[in-house]
Amino acid sequence: MKIEFYRHNLGKKDSANLSRALKDLILTTGKTVERFEEKFSRYLGSRHTVGLTSCTAALQLSLLAYGIGPGDEVITTPMSFVATANAILHAGARPVFADVDPETGNIDPGQVERKITGKTKAIIPVHLYGQLCDMRRLRKIADRRRLFLIEDCAHCIEGEMDGVRPGQLGDAACFSFYATKSLTCGEGGAVSTNNARIAALIKRLRLHGMSSGAGDRYSLRYRHWDMDLLGWKYNMDNLRAALLLDQISRLEANWKKRLHIYRSYIDGLQGIPGLSFPAVKGKSALHLFTVWVDPLRRDRILGILQDKGIGVAVNYRAIHTLEYYHRLYGFRPKDFPVAWRIGASTISLPFYPKLTAGEIDYIVANMRSIILKKR
Ligand SMILES: *Cc1c(COP(=O)(O)O)cnc(C)c1O
C-alpha cells in the first residue's frame, strides 16, 4: 500500500474557472482577484481581504502596515512553521518566543504576558493544527498593553471557539493557500482585516507602493502612476484567484469529511499507552492530524511508517531549536521546554478528504502495532 501524505482536492470546476481566467486579457491582479477577495471576506465575516502571493508575505506586510520594524519586538510561538518567525525578521523586528500550552500546542497567554517589554509592539498567535488560540484572552492582553494582534491563520479558516472565528478579534489575519493547505492554489496567501486603512495600505505595499493596481494599468486608458512608498511584489494574480473561487464554496463540505476521518482516527487510536493527541476545543478547522509519541521513539516510528508506505510529516520541530535561530539568539532547546517536547514528539498522519476508509484502517493498524510492539 502507498498512501501519500497529502492529495489535493482540485477538480473540474477549478479547471473550468482556470480556463476561463486564461482567456481573459488580464492575467495578473484584476477582477478575478477582486471576486476572490469579496467571496473570502463574506465567508469569514470580515470587511476586507487582500490577495497576496503567500502567508509569509501576509505576515510581513501586516507587520509593516502597523508600523512595526527595526527596534521592535513581536511575541510569537516557537511551535509553528518557520514562516511565522521569519516574517518578523523580514519586517526588521525581533521575534520573541513565548512557550505553548501542553494540551493544544498553542501559545500560552500567561507566557505571552511574561515576555512583554517596553519594545513589544505585537503578538502573532498561530492557530496550530486548526485549533483556535484563546483569542479573547489574547485580545484583552493586547488592549491592556496597546499591542497589535496579528493572527497566523495558515491552519485555520473554518474554526470557531467561544463564538470567535479567525480574523474576528485580530487586527489582521493572515492566510496561506500553499499546496498542502485546506484552500490551495499552489502558492498564495491573503490578509483579512476590518481596518479599511490597513487594507488599503497593504494593497499598495503588495505592488511596489504604486498608486494604482497593475490591472488598471492595462484596462483603462494610459495614465501616469506615481510611487511614494517602497512596497514589495506580493500581488496575487487572476489565475490563482480563479482556482480559489469555487473551493471557498466547498470549505464546509470538505471540513465535514475531515471531521469524519478525524473521528475514525481517534476511535482507532485512543487508549494506546504512549500515544496522545492535541486537545480539540470548540470547532477546530482540523487542518492536520497530529499525534504525540515518546520523543525517544519518534524518529524510529517515522521511519517504520514510511517503510509501510505511509506518508508522514512533522508539524513542527520547534523553531528555536533550528540552527539559524540558535546561531542568531543562542537559544537552547530547554528555553521553551513545552514546545521543544511537542516538537520532538510530533508525527502528522495523512489527513485529507480523499483518504479512503481502507487507507485509514491500514494506517491505524500499523500505528497500533508499531507503538504496542516492545518499547
Ligand atoms: C504554511 C504556513 C505558513 C506559510 O505559508 P506560505 O503561504 O507558504 O507563506 C505560515 N504559518 C504556518 C503556521 C503555516 O503552516
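Order of appearance sets the numbers: ligands from 1, and atoms from 1 within every ligand.
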Exercise for review: Determine the sole option in Thr346, Leu275, Leu302, Asp299 for which the side chain to side chain contact (heavy atoms under 4.5 Å, CB included) test with Val293 is passed.
Suggested key: Leu275
Point to revise | Under 4.0 Å from ligand 1, counting heavy atoms only: the protein residues, by chain and number | key: Ser54, Cys55, Thr56, Ser80, Phe81, Ala83, Thr84, Val126, Asp152, Ala154, His155, Ser176, Tyr178, Lys181, Gly188, Tyr316
Review point. Under 6.0 Å from the six-membered ring centre of Tyr43 and within 45° of its axis: does the NZ or CZ of Arg165 meet both?
Key: yes
Practice item. Tell me, please, which residues at least two apart from His320 pass side chain to side chain donor-acceptor pair (under 3.5 Å). Key: none
Check your understanding: Any salt bridge between Glu34 and Lys203, counting N to O under 4.0 Å?
Key -> no
Check your understanding: Salt bridge or not for Lys140 and Asp143, using N-O below 4.0 Å?
Key -> no
**Study point:** Tyr329/Phe97 aromatic ring centres below 6.0 Å
**Key:** no
